[in-house]
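Input: a single structure, listed below in structure tokens.
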2 protein chains.
Amino acid sequence: MTATRERIVESADTLFYETGFEATSFADIAATVGISRGNFYHHFKSKDDLLCAVIDLRKERTRAMLDEWEKTNEDPFDRILCFANILMTNRAKIMAFGCPVGTLCAELSKLEHAARAQASEIFGLFRDWLEHQFRALGARDAALPLAVRILAWSQGVAMMATAFGDEAFIREEISSIRTWLKEHPDIPSTA
Amino acid sequence: MTATRERIVESADTLFYETGFEATSFADIAATVGISRGNFYHHFKSKDDLLCAVIDLRKERTRAMLDEWEKTNEDPFDRILCFANILMTNRAKIMAFGCPVGTLCAELSKLEHAARAQASEIFGLFRDWLEHQFRALGARDAALPLAVRILAWSQGVAMMATAFGDEAFIREEISSIRTWLKEHPDIPSTA
DNA sequence: GATAAATTAGGACAATTGTCCTAATTTATC
DNA sequence: GATAAATTAGGACAATTGTCCTAATTTATC
């Protein structure tokens, strides 16, 4: 049975997000899952191995979320707005713990951790998906710059939300993103 | 003599930035400063106390930097560009360790650390200073939103730089910030 | 230059860390 | 239902953590 393994990854995912990778101990995870501490090494060969499993889970879930947005929205414009709206949907957690992707990348960078590049790939999934949407909107060569721009924008808003805890600001920025999309000269079909 | 205390704070400042607060041990700092490990407690009553001293140092240096920008630039427009340019000036460190202010805020949030609010005040210094500059440019009620917007923008660019390590992107974004400032309808004197 | 105060070195401390090992228990296989 | 395999619990481990204490040393005071 791999149920235990999945429960470990699930708990580690939450704890790594809410308290950080380094600050989360096996004792913390064991207490949450309800298993013995020495039992981890039957499922993972090290804490780094567990981290890799958590990152893989996040990548998988990110792909699923992006697919879902694509499936439930015909208009690429609306799809991009789905992306912007996660700031509002997850506002409580973002204000408390920051963006899960950004904060993990930052922590692994400081630790010079081998999984650093893997974590950045989650950003890569968003970037590529957004580029695809902008291209569908007719942005052509501007698609990639626009994708990174809106990704950076959302990261900036997330950081301000963490620092100042201002929910109204998040709402206003999402509104600004919508206006920016509609009026952008490089996006012919929405202008 | 307080020289030792200052050297401790100095080393801690660098190490907290480059490897994180939690991941930096007294042993690490002691090795850098070249003193005994048990010697810290004559200068600081705890690691949290040392963190407070580091944050105070950063706030002091931020104030000094902002004063300097104000002194060496007549035009508030140029002053704001000084702010945007730190992304380029510190690009190597930002790509390696992220923004020192943002990453500290994020880490302390996750740790639910008492000094969390203190760290956010560094962002507050930038925000208030930027608001002051936008007001000087005639932005009136738009000054505060514009200040937080450009602060968020810089944070987003810093995070992308950390994740993707793309120096050209930083350069392009600073250029975009300049254009944005010049053409913004809420800033009469630059439009 | 003697005396008091400030500073430092070195080690002890209890707690915690990730890791590993072994014995017990559960589960799957025939 | 016996046997093998997979899983788990519990504890040992060496290393490291922040913290504290004491004795030695340096510095300041008169």
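Residue numbering restarts at 1 for every chain, and letters A, B, ... go by the order of the sequence lines.
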Subject >> Interatomic distance where CZ belongs to B:Phe44 and P belongs to C:dT7 [whole Å] >> reply: 12 Å
Subject >> ring-ring contact (aromatic ring centres under 6.0 Å, His included) partner of B:Trp153, chosen from B:Phe83, B:Trp180, B:Phe126 >> reply: B:Trp180
Original post:
Do the side chain of B:Tyr17 and the main chain of B:Lys93 share a donor and acceptor less than 3.5 angstrom apart?
Top reply: yes
**OP:** Please lay out, stage by stage, how B:Ile170 and B:Ile94 fare under the test side-chain contact (heavy atoms from CB on, under 4.5 Å).
**Re:** CA-CA 10 Å; B:Ile170 302 176; B:Ile94 289 171; 5.6 Å; no
Subject >> Integer-rounded Å distance: C:dT7 P and B:Ile8 CD1 >> reply: 11 Å
Original post:
Of the nucleotides D:dT19, C:dT19, C:dT8, which has the atom closest to the B:Thr4 side chain?
Top reply: C:dT8
Subject >> B:Ala64: partners by side chain to side chain contact (heavy atoms under 4.5 Å, CB included), with sequence neighbours left out >> reply: none
Original post:
When you measure from every atom of DNA chain C, which of residues 31-39 of chain A have a heavy atom less than 4.0 Å away?
Top reply: A:Arg37, A:Gly38
Subject >> Interatomic distance where CG belongs to B:Leu111 and C1' belongs to D:dG18 [whole Å] >> reply: 15 Å
Original post:
Is it the case that more than 12 heavy atoms not belonging to A:His113 sit under 6.0 Å from its NE2 atom?
Top reply: yes
**OP:** Return the value, rounded to whole Å, for the distance between atom CG of B:Asp49 and atom C1' of D:dT19.
**Re:** 13 Å
**OP:** Using a strict cut-off of less than 4.0 Å between a Lys/Arg side-chain nitrogen and an Asp/Glu carboxylate oxygen, indicate whether A:Lys59 and A:Glu121 qualify as a salt bridge.
**Re:** yes
**OP:** In whole angstrom, give the distance that lies between atom CZ of B:Arg7 and atom C1' of C:dT7.
**Re:** 12 Å
**OP:** Take B:Ser176 and A:Arg149 through the side-chain hydrogen bond (donor to acceptor under 3.5 Å, both in side chains) test and state the conclusion after the steps.
**Re:** CA-CA 10 Å; B:Ser176 294; A:Arg149 168 72 59 87; 2.8 Å; yes
Original post:
Between A:His43 (NE2) and C:dC20 (P), how many Å, whole number?
Top reply: 16 Å
Subject >> Length of the NE2-P vector between A:His42 and C:dC21, whole Å >> reply: 14 Å
Original post:
Where are the stems of DNA chain C, defined as at least 3 consecutive Watson-Crick or wobble G-U pairs with both distances under 3.5 Å?
Top reply: C:1-30 with D:1-30
**OP:** Go through residues 20-30 of chain A and report each residue with a non-hydrogen atom lying under 4.0 Å from DNA chain D, sorted by number.
**Re:** none
Original post:
A:Tyr41 OH to C:dC20 P: how many Å, rounded?
Top reply: 7 Å
**OP:** Would you please name every residue forming a side chain to side chain contact (heavy atoms under 4.5 Å, CB included) with B:Gln155, sequence neighbours left out?
**Re:** A:Met159, A:Met160, B:Cys99, B:Phe123
Which pairs of donor and acceptor atoms, one on a side chain in residues 135-145 of chain A, lie under 3.5 Å apart (sequence neighbours left out)?
unit_1	atom_1	unit_2	atom_2	d
A:Arg135	NH2	A:Glu131	OE2	3.0

Original post:
After noting the C-alpha distance and the side-chain angles of A:Met88 and A:Glu167, does the key distance pass the side-chain contact (heavy atoms from CB on, under 4.5 Å) rule?
Top reply: CA-CA 8 Å; A:Met88 203 58 205; A:Glu167 189 175 316; 3.7 Å; yes
Original post:
Should B:Lys47 and B:Phe40 be marked as a side-chain contact (heavy atoms from CB on, under 4.5 Å) after you check the CA-CA gap, both sets of side-chain angles, and the distance that decides it?
Top reply: CA-CA 9 Å; B:Lys47 196 186 179 187; B:Phe40 284 97; over 6 Å; no
